[in-house]
Amino acid sequence: MGGFSSKKKESVKIVCCGLDNSGKSTIINHLKPKKERESNVVPTIGYSQESFDFEKLNFTVFDMSGQGKYRNLWESFYGEVDGVIFVVDSADRVRIAVAEDEMKILLKEIKDRPIPILFFANKQDLANSLSASEVSESLKLHEIQNKSWTIIASNALVGDGIADGVKWLSDEIRKKLSK
């Protein structure tokens with residue numbers, strides 16, 4: 001493996017949440033090495049766990065089901081994570097308020113911890129999708145004062161925006177780990 005240092009990668013845990021059908025599993029699938037990617041991503045029941053390396057970090061990501069009956073599971077993972085990916089279906093204008101409600105629950109759960117949050121405004125390929133700034137406005141992200149966060153426009157089917165978002169998240173986690 002030429003080019004890789006033998007230094008052990010730092011392990012971090014992140015939780016990936018958002019409403020059902022927002023693209024969480026598709027985003028995570030895109031982060032796996034090409035040979036390990038699923039050709040057909042199916043809805044997550046409960047949660048699944050995946051690992052991938054990005055730059056100098058080894059990520060364990062908990063892919064949480066977005067179905068209403070499983071959303072209470074999210075809270076049990078917040079205590080042990082180093083970062084959050086929150087995926088929003090930008091084309092689902094009807095449920096953006098539900099996404100906002102779930103985000104507020106998340107913020108309450110992690111209020112005292114400096115956990116960075118990466119928001120993906122996913123499904124940008126759809127004609128009726130809100131832009132990343134419109135999603136940010138709808139979710140009132142400007143009100144998040146005590147955490148680092150960013151929102152990235154993404155299309156998980158082809159991977160647009162995914163690497164940029166995870167780079168931001170890994171940089172934020174590294175800053176936190178070096179303190």
Side-chain angles (χ1 to χ4, degrees), residues 1-18 22-37 44 47-66 71 73-88 99-100 102-122 124 132-133 135-137 139-156 159-179:
M1 287 212 210
F4 289 103
S5 71
S6 58
K7 187 174 177 268
K8 189 176 180 307
K9 290 180 187 284
E10 186 107 29
S11 292
V12 297
K13 292 179 182 172
I14 56 174
V15 63
C16 183
C17 48
S22 58
K24 300 174 298 297
S25 299
T26 305
I27 285 172
I28 292 167
N29 189 51
H30 203 82
L31 294 167
K32 296 194 280 190
K34 275 195 165 73
K35 65 181 185 295
E36 293 177 25
R37 290 183 191 164
T44 304
Y47 77 95
S48 67
Q49 181 177 325
E50 298 285 351
S51 294
F52 65 91
D53 290 339
F54 191 86
E55 294 184 347
K56 294 180 175 67
L57 295 175
N58 173 258
F59 283 88
T60 296
V61 60
F62 300 101
D63 179 5
M64 307 306 295
S65 173
R71 287 187 210 140
L73 274 178
W74 300 1
E75 297 167 26
S76 57
F77 287 85
Y78 294 148
E80 58 182 76
V81 296
D82 301 295
V84 173
I85 296 175
F86 194 96
V87 184
V88 179
E100 180 190 2
E102 293 297 337
M103 182 201 67
K104 284 178 179 172
I105 293 168
L106 156 71
L107 291 172
K108 271 189 202 137
E109 290 290 325
I110 62 171
K111 69 178 183 292
D112 298 327
R113 298 182 54 221
I115 297 173
I117 307 171
L118 166 60
F119 293 92
F120 278 122
N122 198 30
Q124 290 295 307
S133 61
V135 170
S136 178
E137 206 171 288
L139 296 177
K140 301 178 185 76
L141 297 185
H142 62 278
E143 294 178 3
I144 301 174
Q145 301 293 324
N146 62 343
K147 309 211 171 319
S148 58
W149 63 270
T150 194
I151 185 163
I152 305 274
S154 62
N155 172 355
D160 291 349
I162 308 299
D164 290 342
V166 176
K167 171 147 185 30
W168 176 87
L169 187 60
S170 60
D171 289 348
E172 291 298 310
I173 290 171
R174 257 201 298 280
K175 280 184 216 169
K176 194 178 75 164
L177 292 174
S178 65
K179 287 183 180 175

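One distance of note links CD1 of Ile162 with CZ of Phe120; it measures 4.5 Å at 0.5 Å rounding.
Residues meeting the side chain to side chain donor-acceptor pair (under 3.5 Å) test with Glu36, sequence neighbours left out: none. Contacts of Asp53 classified as side chain to side chain donor-acceptor pair (under 3.5 Å), with partners at least two apart in sequence or in another chain: Asn58. Listed by chain and number, the residues in a side chain to side chain donor-acceptor pair (under 3.5 Å) with Ser133 are Ser131 (sequence neighbours excluded). Annotation: side chain to side chain contact (heavy atoms under 4.5 Å, CB included) contacts of Glu137 (sequence neighbours excluded): none.
Applying the salt bridge (charged side-chain N to carboxylate O under 4.0 Å, His left out) test to residues at least two apart or on different chains, none of the pairs has a partner in residues 143-153. A side chain to side chain donor-acceptor pair (under 3.5 Å) check over residues 165-176, counting only residues at least two apart or in different chains, returns the pairs Glu55-Arg174, Ser148-Glu172, Lys167-Asp171, Asp171-Arg174, Glu172-Lys175.
Side-chain contact between Pro116 and Leu169 is present, with heavy atoms from C-beta onward closer than 4.5 Å.
The two residues Arg113 and Val81 have their closest heavy-atom pair at NH2-O, 2.9 Å.
Side-chain atoms of Asn146 come within 3.5 Å of backbone atoms of Lys111 as a donor-acceptor pair (strictly under, hydrogens ignored). A donor-acceptor pair is defined here as one N or O able to donate and one able to accept, closer than 3.5 Å; such a pair exists between the side chain of Asp82 and the backbone of Lys13. For Asn155 (side chain) and Asn122 (main-chain N/O), no donor-acceptor pair under 3.5 Å exists by modelled atom type.
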Next on the checklist: If you apply the rule side-chain contact (heavy atoms from CB on, under 4.5 Å), what do you find for Ile110 with Ile117, and how did you get there?
Outcome noted: CA-CA 10 Å; Ile110 62 171; Ile117 307 171; 4.0 Å; yes
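Here Lys140 pairs with Glu100 in a salt bridge; the nearest charged N to carboxylate O distance falls below 4.0 Å.
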